[in-house]
*Asks:* 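If you scroll down you'll find the structure; I have some questions about it.
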Amino acid sequence: MAGSLRIWPPERSKLAALYYLGSGPEICASDQILYLGAASGTTVSFIADYAGVIYAVEIAPEPLVMLLEVCNIKKNIIPIPADAALPLTYAPLVSRVDLLYQDIAQKEQVKIVLKNLFFLKPGGSLILMLKTRSVASQQEPEEICSNAVSELLNAGLAEIKVTWLNKYHRDHAAIICKKLEK
Ligand code: SAM
């Protein structure tokens, strides 16, 4: 992959979709990133071209096999086979990060990301790819998103910006916010 250009399709990656919609974050070569829900490493492999270190947490064994193959090529990805709902199990492996990114299709998506907030440096950014249908299939996506935003605000996060990814990923919202400087 080194030295070749790859197409990053917005239909295959919520982060790519966010960039296509003009709201993607700036990622710097020095950035440390904690990525929850790495799956087989599709999006992680693209971020690895721009970031310093990516701690890639994934719970399911099957995608982990492919993620490990990606890690063999991209040496700045640290694979962590773990449950993101249990951050203390991998806390010794992860340093404080500039960006906390979560793409996990679970009912408790917001609770899981908040449990991992202590990894984020003050001033750092959080991106939550909210799959509203996983939270509640019968509730309106806008209402689910608005509840998620309230929870993030209550947890002390600020500068919250919501971008709906419906053009590429139905009923998904990208929620971007900041952890305040102390
Ligand atoms: N972010 C990936 C990408 O763009 O390439 C796709 C992620 S996929 C939508 C969600 C992933 O989250 C799945 O691989 C799933 O196994 C993982 N996952 C679900 N619950 C998890 C948990 N509690 N801890 C860690 N990973 C989890």
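Just follow the structure's listing: the first ligand is 1, and inside any ligand the first atom is 1. Only a predicted model underlies this, so the values are computations on that prediction, with no experimental measurement involved.
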*Asks:* May I have a table of the N/O to N/O pairs between ligand 1 and the protein that fall below 3.5 Å, each row giving the two atom names and the distance to 0.1 Å?
*Replies:*
unit_1: ligand 1; atom_1: 1 (N); unit_2: Y35; atom_2: OH; d: 2.6
unit_1: ligand 1; atom_1: 1 (N); unit_2: G37; atom_2: O; d: 3.0
unit_1: ligand 1; atom_1: 1 (N); unit_2: D103; atom_2: OD2; d: 2.8
unit_1: ligand 1; atom_1: 4 (O); unit_2: Y35; atom_2: OH; d: 3.4
unit_1: ligand 1; atom_1: 4 (O); unit_2: T43; atom_2: OG1; d: 2.5
unit_1: ligand 1; atom_1: 5 (O); unit_2: T43; atom_2: N; d: 3.2
unit_1: ligand 1; atom_1: 5 (O); unit_2: T43; atom_2: OG1; d: 3.4
unit_1: ligand 1; atom_1: 14 (O); unit_2: E58; atom_2: OE1; d: 2.9
unit_1: ligand 1; atom_1: 14 (O); unit_2: E58; atom_2: OE2; d: 3.2
unit_1: ligand 1; atom_1: 16 (O); unit_2: E58; atom_2: OE2; d: 2.6
unit_1: ligand 1; atom_1: 20 (N); unit_2: Q106; atom_2: NE2; d: 3.0
unit_1: ligand 1; atom_1: 23 (N); unit_2: D83; atom_2: OD1; d: 2.8
unit_1: ligand 1; atom_1: 24 (N); unit_2: A84; atom_2: N; d: 2.8
unit_1: ligand 1; atom_1: 26 (N); unit_2: I59; atom_2: N; d: 3.3

*Asks:* Which pair of non-hydrogen atoms, one from A38 and one from E58, has the smallest distance, and what is that distance?
*Replies:* N-OE1, 3.5 Å
*Asks:* Any chance the side chains of N76 and Y50 put a donor and an acceptor closer than 3.5 Å?
*Replies:* no
*Asks:* Would you say Q102 and Y35 are linked by a side-chain donor-acceptor pair, where the criterion is simply a distance under 3.5 Å?
*Replies:* no
*Asks:* Does either side chain, that of R6 or that of S45, offer a donor lying less than 3.5 Å from an acceptor on the other one?
*Replies:* yes
*Asks:* Counting C-beta onward and ignoring hydrogens, is there a side-chain heavy-atom pair between K115 and P87 closer than 4.5 Å?
*Replies:* yes
*Asks:* Is the closest basic N to carboxylate O distance between D103 and K131 below 4.0 Å?
*Replies:* no
